[in-house]
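What follows is a single structure, written as structure tokens, with notes after it.
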Amino acid sequence: MQPTYSAEAEAYREKVQAFLAEHLPPSWGGIGTLEGEALEQFTREWRQTLYENGLLAQSWPKEYGGAGLSALESVIIAEEFAKAGVPSGGSNDVFGIQMLGNTLLSWGTDEQKSHHLPRILSGEDLWCQGYSEPNAGSDLGNVQTRAVLDGDEWVINGQKIWTSAGHLANWIFVLCRTDPDAPKHKGISFLLCPMDQPGVEVRPIKMISGESEFNEVFFTDARTAKDNVVGGVNNGWAVAMTLLGYERGESAATMPIRFRAELDRLIAMAKERGKDTDPRIRDRLAWCHTRVEIMRMNGMRTLTKFLAGQAPGPDASISKLYWSEYHQQLTELAVDVLGADAFAPTGRKPSSSFQTDDPGAPNSSASWTDTFLNARAETIYAGSSQVQKNILGEMVLGLPKEPRPA
Ligand SMILES: Cc1cc2nc3c(=O)[nH]c(=O)nc-3n(C[C@H](O)[C@H](O)[C@H](O)COP(=O)(O)OP(=O)(O)OC[C@H]3O[C@@H](n4cnc5c(N)ncnc54)[C@H](O)[C@@H]3O)c2cc1C
């Protein structure tokens, strides 16, 4: 583990800080200070600023609109953006840039890269992830959505579920079964499919918070061009794993920053409400403090590996399990500090259901209760806690493999 940065990295940090000072308002307090139209406008304009400066997909080659920066430079940018409380892109960029774009750089043909990557960056195409099905979540290899070649096109039939942002996207990457006779993981292809066609129907699912961020997606004779297969026909499992395993080093650097700021905000709220003298609350706050510190150390370890060019291994499961289980405890504590106010939430709500509320957000009851509800899903998405424990047991601790169905 290397807890300090090189002089070269620190010099680059100054450049990033100068960029932020030039492009943010003088009294900037973090995106959490904005709401409604002001928030939407800032997010739109900020993404455009990053796009114009080649900072949306910093590590991508310049020919595809990236900045060709090193892993270290990307990490410094992510850290400084997290500290300043600004996002590193728009809300869809996790699907377009982080998931699909990076995967296309590994597996895409030249035509796929030159067509799709610039359109992702310009915002012309918004993507969503069509992996899960009613009978294929943890057991993803069980996907049953079928794709059959008909001349120059694939014809797709089946259903996906939990498709985040599916109602906003115009393209979906879909795991389809293309050889039903092959063993489970060998007959799958990774297809790119336009959503703006009669054969694709998106139905929203209402969440516990009352919002609808994810959907069911039904394919009924939906069509996509023959060339829209990534990584070769029946080789989709390998492509799907590249996409799932793609973990940028930045999250190891930024997550502890965001969780630290969130915990400090909770401590401030406990003080405001006179709960900081309650020994049971103090005990739980101390527990949270130790967890955030451990996350910071673990982040440095992951970051050191990432900067040394090592691919993320099963350690990614340690981090996923740790932060998601921690966050449920933290948000339960926040609701206990709120007391009866948690039953009638008021004030600014979080702008997204992912992890913490935005940096700079006020200590409103709606901020904490929504984050509390959203945290319920964190031990499920991106692989449930039980699945992470299986990975750690089998791949890190070398325990016997769990029995698999025949
Ligand atoms: C907020 C949210 C957003 C999501 N967004 C997307 C998206 O955009 N695109 C997409 O494709 N999917 C998405 N998902 C789906 C997500 O990937 C799945 O929910 C997840 O993989 C779990 O699958 P499942 O829901 O089918 O549960 P199941 O796999 O049916 O699991 C049910 C329970 O059984 C346990 N379990 C399953 N297998 C084992 C095992 N082998 N050993 C021990 N326990 C086991 C699980 O841990 C869980 O507790 C999203 C989910 C959520 C909650």
Side-chain angles (χ1 to χ4, degrees), residues 91-100 103 126-145 156 158-177 184-185 188 190-193 195 200 202-219 236-237 239-246 316-317 320-321 323-325 327-328 331 350 352-356 370-395 397 399-406:
S91 60
N92 189 262
D93 290 328
V94 64
F95 300 105
I97 296 177
Q98 189 175 333
M99 293 188 189
L100 182 68
T103 303
L126 300 177
W127 285 85
C128 63
Q129 179 186 25
Y131 274 27
S132 303
E133 297 180 3
N135 287 316
S138 303
D139 186 13
L140 186 60
N142 195 39
V143 287
Q144 299 299 326
T145 295
I156 306 175
Q159 182 201 343
K160 295 291 171 181
I161 193 166
W162 316 126
T163 318
S164 303
H167 54 303
L168 305 171
N170 60 340
W171 279 81
I172 181 167
F173 45 92
V174 208
L175 284 188
C176 295
R177 190 152 298 282
K184 197 155 107 166
H185 295 92
I188 296 173
F190 186 107
L191 299 185
L192 310 176
C193 178
M195 295 179 79
V200 179
V202 179
R203 293 187 204 159
I205 300 173
K206 200 164 182 177
M207 303 191 298
I208 193 172
S209 64
E211 322 275 327
S212 291
E213 285 197 2
F214 51 26
N215 309 267
E216 294 176 291
V217 180
F218 293 86
F219 297 88
W237 188 250
V239 183
M241 290 304 106
T242 299
L243 186 139
L244 280 187
Y246 204 95
S317 290
K320 167 71 201 344
L321 182 65
W323 73 254
S324 56
E325 298 277 340
H327 205 219
Q328 291 185 348
T331 51
S352 108
S353 58
F354 185 65
Q355 292 186 347
T356 70
D370 265 36
T371 308
F372 163 75
L373 294 177
N374 292 331
R376 303 290 96 195
E378 290 168 351
T379 50
I380 303 173
Y381 65 69
S384 71
S385 286
Q386 289 75 17
V387 167
Q388 306 304 332
K389 285 178 186 167
N390 283 347
I391 295 171
L392 292 171
E394 293 178 12
M395 297 175 66
L397 300 175
L399 297 174
K401 285 189 184 293
E402 67 160 329
R404 303 281 196 270

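In listed order, ligands and their atoms are each counted from 1. Only a predicted model underlies this, so the values are computations on that prediction, with no experimental measurement involved.
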Not counting sequence neighbours, which residues clear side-chain contact (heavy atoms from CB on, under 4.5 Å) with Y381? List them please. W323, F354, A377, E378

Please enumerate all residues that pass side-chain contact (heavy atoms from CB on, under 4.5 Å) together with S353, with sequence neighbours excluded. E213, N374

Protein residues having a heavy atom less than 4.0 Å from any atom of ligand 1: Q129, Y131, S132, G137, S138, W162, T163, S164, F214, A377, I380, Y381, S384, Q386, N390, E402

Find out whether T103 and V239 are in side-chain contact, i.e. whether some heavy atom of one side chain is under 4.5 Å from a heavy atom of the other. yes

Across all chains, not counting sequence neighbours, the side-chain contact (heavy atoms from CB on, under 4.5 Å) partners of L373 are I208, S209

What I'd like to find out is whether the side chain of T356 reaches to under 4.5 Å of the side chain of H327, using heavy atoms alone. yes

Validation row: V200, F219 side chains within 4.5 angstrom (heavy atoms): yes

